Amino acid sequence: MAIDVVIDDGRIENIAEFQSPEKLYEELISRVRLYHPSDDISLIEKAYNTAKDFHKEQVRKSGEPYIIHPLCVAIILADMEMDKETIAAGILHDVVEDTIMTNEELRAEFGAEVELLVDGVTKLEKLQYSTDKIEVQAENLRKMFLAMAKDIRVIMIKLADRLHNMRTLTYMRPEKQQEKARETMDIYAPIAQRLGISKIKVELDDLALKYLEPEVYRDLVEKIAVRKSVREKYVQSIVDEVSVHIKNAGINAQIDGRVKHFFSIYKKMKNQNKTIDQIYDLFAVRIIVDSVKDCYAALGVIHEMYKPIPGRFKDYIAVPKDNMYQSLHTTLIGSTGTPFEIQIRTYEMHKTAEYGIAAHWKYKEASDGKKPEAQEEEKLSWLRQILEWQKDMSDNKEFMNLLKGDLDLFSDKVYCFTPTGDVKNLPVGSTPIDFAYSIHSAVGNKMIGARVNGKLVTINYEIKNGDCIEILTSQNSRGPSRDWLSVVKSTQAKNKISQWFKNEFKEENIVKGKELLANYCKAKAIALSELMKPEYMDVVVQKYGFHNWDAVMAAIGHGALKEGQVINKMLEKAERVRKETITDEQVLEEINEAGEKHMLPAGKGKGGILVRGMNDLAVRFPKCCNPLPGDEIVGFVTRGRGVSIHRTDCVNVLQLPEDERARLIEAEWELGADGEVGGKYMVGITIYANNRSGLLADISKIMTDNNIDIMAMHSKASKQGVATTTMSFEVSSREELNRIAEKIKQVPSVLDVDRQANG
């Protein structure tokens with residue numbers, strides 16, 4: 001007969017090597033003897049004879065004796081160098097489930113340890129991967145992880161069992177092939193990945209792809225085979241070159257090359273939307289050395305030989321992956337210009353990379369027959385910690401949520417279906433709302449409920465792999481709820497919901513806006529009732545171009561306008577009104593109360609500023625607001641540094657404590673004989689525009705044409721394509737600034753120009 005074995009590059013080849021259970025058993029024992037320190041194989045022999053006897057009347061779909069399957073499972077476990085109890089349990093893993101043997105009989109014959117392992121696997125019923133049996137899947141996964149928490153060897157046996165079943169899947173009917181392949185891709189391959197067992201993970205991925213995407217798989221096989229000899233020759237030439245230089249450097253190393261496995265190539269083609277001819281780094285060269293020091297020494301040699309590609313070096317030795325994987329990865333350009341990857345690791349790291357958790361969980365017997373010390377188990381303490389949650393699980397939904405979320409065990413996507421069979425992939429944790437918006441904005445906006453697998457669910461139901469989802473809509477729907485924003489997971493859904501709130505004028509927006517405004521004033525100790533005057537509210541309405549005050553509240557409610565912006569404008573207006581009504585006597589009284597000993601006649605300050613009541617005192621322009629001639633200004637009497645001049649809408653002025661506001665004093669710009677203040681003043685603006693080529697050049701040309709020197713400029717573009725540019729320059733007045741701003745607004749794609757708070 002022919003069985004499948006894995007070649008070094010992780011793919012499958014059929015070879016006619018073992019013709020009978022007896023020869024398979026001989027091969028198993030020979031592999032166990034390669035690593036096991038004890039010559040006593042009586043436990044394995046007894047397990048083989050027992051399983052052969054109980055399975056003697058059974059055959060597989062292929063027609064071969066059933067005992068072939070458990071023997072192949074045991075051989076896979078032996079390749080991972082598992083202990084004899086695990087090998088025996090692998091041989092016996094189906095006797096309780098598929099024969100008349102009981103757990104009690106198994107324990108009596110082989111002891112509690114082997115019975116525990118077999119029982120852990122036996123409890124795993126055959127998972128039904130279909131849209132109407134998700135609960136069964138969840139329950140069986142729960143059982144598997146509970147058994148895994150008791151003994152990690154349970155999952156090793158289950159992975160070996162699944163691997164051999166996938167190798168012989170060709171004998172199953174097509175719908176069963178699809179079911180098992182999808183289950184393998186979604187569950188077992190990610191488990192192998194999480195445990196770091198790449199030898200199994202790679203083969204499971206390739207085999208699942210073979211049945212899920214048969215045409216893609218065959219196409220990959222054919223195209224890779226077409227130039228197989230050319231690729232092998234190229235990889236061998238690199239291996240030969242590297243070997244010479246590594247040897248000359250005095251480094252003892254094992255060097256080999258390989259083509260990346262099919263699923264890895266398929267993922268890269270799909271993610272990058274490329275054909276196989278456009279995927280160049282299909283090759284990887286592996287260097288295995290004796291020590292960590294040799295790893296970095298070999299890396300130095302390699303980087304002298306070939307040009308490394310920037311950003312493609314990863315040091316997993318200094319920072320190992322969660323599954324204990326360690327290696328140096330670097331991508332280089334070969335002599336022919338073709339990229340290839342080199343991985344450098346020690347022999348111990350290589351064993352961990354191939355067998356992951358199995359490399360450290362072996363229960364190996366020493367020559368004196370004793371079990372290893374606790375240090376072997378300590379290497380897996382991280383796994384024990386992440387499985388502690390199982391003690392608190394109350395239902396399957398909680399189990400699946402934690403399994404797919406907190407454990408990060410599965411892919412970051414879930415795959416679900418429309419009633420017509422179209423596949424949708426969404427982020428893990430997505431809800432029917434995410435699903436609705438993935439179909440169309442109109443479906444999401446009119447959604448009133450959902451059915452999953454034929455049953456009504458809540459809108460915060462978390463979609464699971466294989467779910468069939470039907471969205472219920474109504475033309476009378478008022479649109480999405482604001483609470484949906486905290487429920488959805490996909491960026492697409494969040495953006496579409498936010499857009500709806502921006503475009504729709506809703507009463508709840510007004511209510512929410514009023515609440516936010518009141519809460520803001522309460523937090524800042526601002527008397528909102530004193531600001532709610534028509535003249536103050538009109539300033540905000542006109543400033544931001546709204547029709548009325550309710551529209552302002554709605555804008556705050558859906559996040560288009562900040563509460564602070566509105567309150568600051570109202571405070572600015574209130575301060576101006578106060579300035580217009582206050583008398584000179586009140587100003588002098590306030591300053592005297594603040595500690596001024598004497599008042600001088602009105603006089604001229606410095607810099608074209610007239611300060612009432614001050615003479616021969618320094619006048620300063622702080623950088624918090626950079627006032628310009630034409631701005632309404634106010635003076636602040638400092639302690640020992642003269643008078644600082646601020647715009648009346650300066651944040652620092654508006655937020656002055658009550659006991660400090662008495663130090664404010666009237667100030668104004670003094671005009672010269674030509675009617676101008678004179679001098680140059682620093683100002684800053686922010687330009688918002690749709691990003692495009694040549695935007696900055698067009699803006700700079702306006703500044704040059706108006707003889708204005710740009711003192712500083714910074715620009716960045718958002719993911720939505722909006723460019724934000726800040727500029728600092730000097731002008732003589734606010735009128736000149738407004739003139740420049742209007743010209744910039746006329747530049748194509750410019751959306752708006754704002755004066756910066758500090759300019």
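The residues of the chain are indexed from 1 along the displayed sequence. Everything numeric in this text was worked out from a predicted model, so none of it was measured.
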Checking Glu213 now: which residues fulfil salt bridge (charged side-chain N to carboxylate O under 4.0 Å, His left out) with it, not counting sequence neighbours?
none

Listed partners of Asp315 passing salt bridge (charged side-chain N to carboxylate O under 4.0 Å, His left out), at least two apart:
none

Anything under 30° is parallel, anything over 60° is perpendicular, the rest tilted; go ahead and classify Tyr48 against Tyr25.
parallel

Run the side chain to side chain donor-acceptor pair (under 3.5 Å) test against Asp53 and tell me which residues pass, sequence neighbours left out.
none

Compare every heavy atom of [Y] with every heavy atom of [X], then report the nearest pair and how far apart it is.
| X | Y | answer |
| --- | --- | --- |
| His164 | His69 | ND1-ND1, 2.9 Å |
| Met101 | Glu105 | CA-OE1, 3.4 Å |
| Lys52 | Ile67 | N-CD1, 3.7 Å |
| Met166 | Tyr211 | O-CE1, 4.2 Å |

With sequence neighbours left out, the residues meeting ring pair (Phe, Tyr, Trp, His ring centres under 6.0 Å) with Phe110 are none

Sidechain N-carboxylate O distance under 4.0 Å for [X], [Y]:
| X | Y | answer |
| --- | --- | --- |
| Arg218 | Glu222 | no |
| Asp205 | Lys201 | yes |
| Lys176 | Glu179 | yes |
| Arg167 | Glu203 | yes |
| Arg312 | Glu341 | no |

Contacts of Ser198 that satisfy side chain to side chain contact (heavy atoms under 4.5 Å, CB included) - sequence neighbours left out:
Glu354

Return the set of residues passing side chain to side chain contact (heavy atoms under 4.5 Å, CB included) with Val285 (not counting sequence neighbours), or none when no residue passes.
Ile238, Val239, Ile255, Phe340, Ile342

Using the side chain to side chain contact (heavy atoms under 4.5 Å, CB included) definition, which of the options Leu28, Leu24, Asp161, Thr168 pairs with Cys72?
Leu24

In a check of side chain to side chain contact (heavy atoms under 4.5 Å, CB included) between Ile463 and each of Ile469, Thr431, Asp434, Val457, which one passes?
Ile469

Crowded around Leu34 CG? As in, over 12 foreign heavy atoms under 6.0 Å?
yes

Should we say atom CD of Glu215 is surrounded by more than 12 heavy atoms from elsewhere, each under 6.0 Å from it?
no

How many angstroms lie between atom [atom1] of [X] and atom [atom2] of [Y], to the nearest 0.5 angstrom?
| X | Y | atom1 | atom2 | result |
| --- | --- | --- | --- | --- |
| Ile157 | Leu117 | CD1 | CG | 4.5 Å |
| Leu92 | Thr50 | CG | OG1 | 6.0 Å |
| Asp467 | Asn453 | CG | CG | 4.5 Å |

Does any N or O in the side chain of Lys46 come within less than 3.5 Å of the main-chain N or O of Glu109, such that one atom is a donor and the other an acceptor?
yes

